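Written below as structure tokens is the structure these notes are about.
Model, not experiment: these values are computed from the prediction. All residue numbers refer to positions in the sequence shown, counting from 1.
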Amino acid sequence: MALELWETLKEAITAYTGLSPATFFTVAALGLAVYYVVSGLFGGSDHHHVPRQSEEQMQPLPPPVQLGEVTEEELKQYDGTDSKKPLLMAIKGQIYDVSQSRMFYGPGGPYALFAGKDASRALAKMSFEDKDLTGDVSGLGPFELEALQDWEYKFMSKYIKVGTIKKTVPVTDGTSTSEPAAEATENDVAKPAEDVPSVAAPVETPAGGESKEE
Ligand code: HEM
């Protein structure tokens, strides 16, 4: 039976290719060998490229950059609108890199409104109101302060601290007035400390006066 099949095959090979069976098999083997060599050279095979997908999906976050002291105004630029910048958020004046939780704090996320801000008051009061999006925790009750403390612990354990919020206090100017916190005199104009240019203050003000607890 098998022999008959082999005979038929040999006849068919000779009939269709005009080659003797021996020549036919030699040519076929050579063709196969050439195919494997060529496909190996160009890496065109599709079975040893599995890892590529995961390489594309997992883009590792850049390591957190320490910012030192920044003003609340400067912190705003880290609210996630610029995807090249880290996503930052502050609690009690401490700034954390929350880039790993972009799904929470990034644009469109449920807590995006906290990004780029000190959200202490909002977190303490569990509030999303605009007026509470501030680091001002004055007048909070004990439960709210406790809630805030819990949030701080959570952030401390989950995220890397990258800086602190610079308090905008009146600049005292380098020249030391040796008196310890002399009371501001009547002459001192009670100007709110805006983005202090740090120069051009001809009147030397001791300015240590008002101490707001923050
Ligand atoms: C209906 C009410 C709320 C629900 C169902 C809810 C649900 C959640 C859930 C499921 C998470 C994710 C927890 C995790 O995977 O670690 C989360 C995280 C968070 N929630 Fe809420 N939440 C609610 C209200 C609030 C409110 C009122 C605030 C503050 C004003 C808040 C602030 C946060 C913050 C800051 C995180 C992220 C914490 C982190 O960075 O790990 N949530 N919330």
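Under a hydrophobic clustering in which Ile, Leu, Val, Met, Phe, Trp and Tyr are joined whenever their side-chain heavy atoms come within less than 4.5 Å, directly or via other members, Val70 and Leu133 fall into different clusters. No path of Ile, Leu, Val, Met, Phe, Trp and Tyr side chains, each step under 4.5 Å between heavy atoms, connects Met156 with Ile160, placing them in separate hydrophobic clusters. Connection of Tyr153 to Ile95 is not established within any shared hydrophobic cluster, with ILVMFWY side chains joined at heavy-atom distances below 4.5 Å, either directly or through further cluster members. Met126 and Ile91 end up in the same hydrophobic cluster when Ile, Leu, Val, Met, Phe, Trp and Tyr side chains are linked at under 4.5 Å.
Remark: the backbone N or O of Leu87 is paired with a side-chain donor or acceptor of Ser99 at under 3.5 angstrom.
The minimum heavy-atom distance linking Val162 with Val65 is given by the pair CB-O, 3.4 Å. Contact detail for Val137 and Leu140: the closest heavy-atom pair is O-CG, 3.3 Å. Taking all atoms of both residues into account, the shortest heavy-atom contact from Pro86 to Asp97 is CB-OD2, 3.6 Å.
In terms of the salt bridge (Lys or Arg N to Asp or Glu O under 4.0 Å) criterion, Arg102 has no residue partners (sequence neighbours excluded). Partners of Lys76 according to the side-chain hydrogen bond (donor to acceptor under 3.5 Å, both in side chains) rule, which considers only residues two or more places apart in sequence or in another chain, are Glu73. In this structure Lys85 satisfies the salt bridge (Lys or Arg N to Asp or Glu O under 4.0 Å) test together with Asp82, sequence neighbours excluded. Looking at residues two or more places apart in sequence or on another chain, you find a side-chain hydrogen bond (donor to acceptor under 3.5 Å, both in side chains) between Thr81 and Asp79. With sequence neighbours excluded, the residues forming a side-chain hydrogen bond (donor to acceptor under 3.5 Å, both in side chains) with Glu74 are Thr71, listed by chain and number. Scanning for salt bridge (Lys or Arg N to Asp or Glu O under 4.0 Å) contacts around Lys131 gives Glu129, with sequence neighbours left out. In this structure Ser127 satisfies the side-chain hydrogen bond (donor to acceptor under 3.5 Å, both in side chains) test together with Asp132, sequence neighbours excluded.
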All N/O donor-acceptor pairs, side-chain side in residues 104-119, below 3.5 Å, sequence neighbours left out:
residue : atom : partner : partner atom : Å
Lys117  : NZ   : Leu113  : O            : 2.8
Asp118  : OD1  : Ser120  : N            : 3.0
Asp118  : OD1  : Ser120  : OG           : 2.5
Asp118  : OD2  : Gly93   : N            : 2.8

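Residue Ile165 holds its CD1 atom at 4.5 Å from CD of Glu72, rounded to the nearest 0.5 Å.
Within the structure, ring-ring contact (aromatic ring centres under 6.0 Å, His included) contacts touching residues 64-100 (residues at least two apart or in different chains) are Tyr96-Phe155. Sorted by first and then second residue, the salt bridge (Lys or Arg N to Asp or Glu O under 4.0 Å) pairs with a member in residues 144-165 read Lys92-Glu152; sequence neighbours excluded.
Between Pro64 and Tyr159 there is no side-chain heavy-atom pair separated by less than 4.5 Å.
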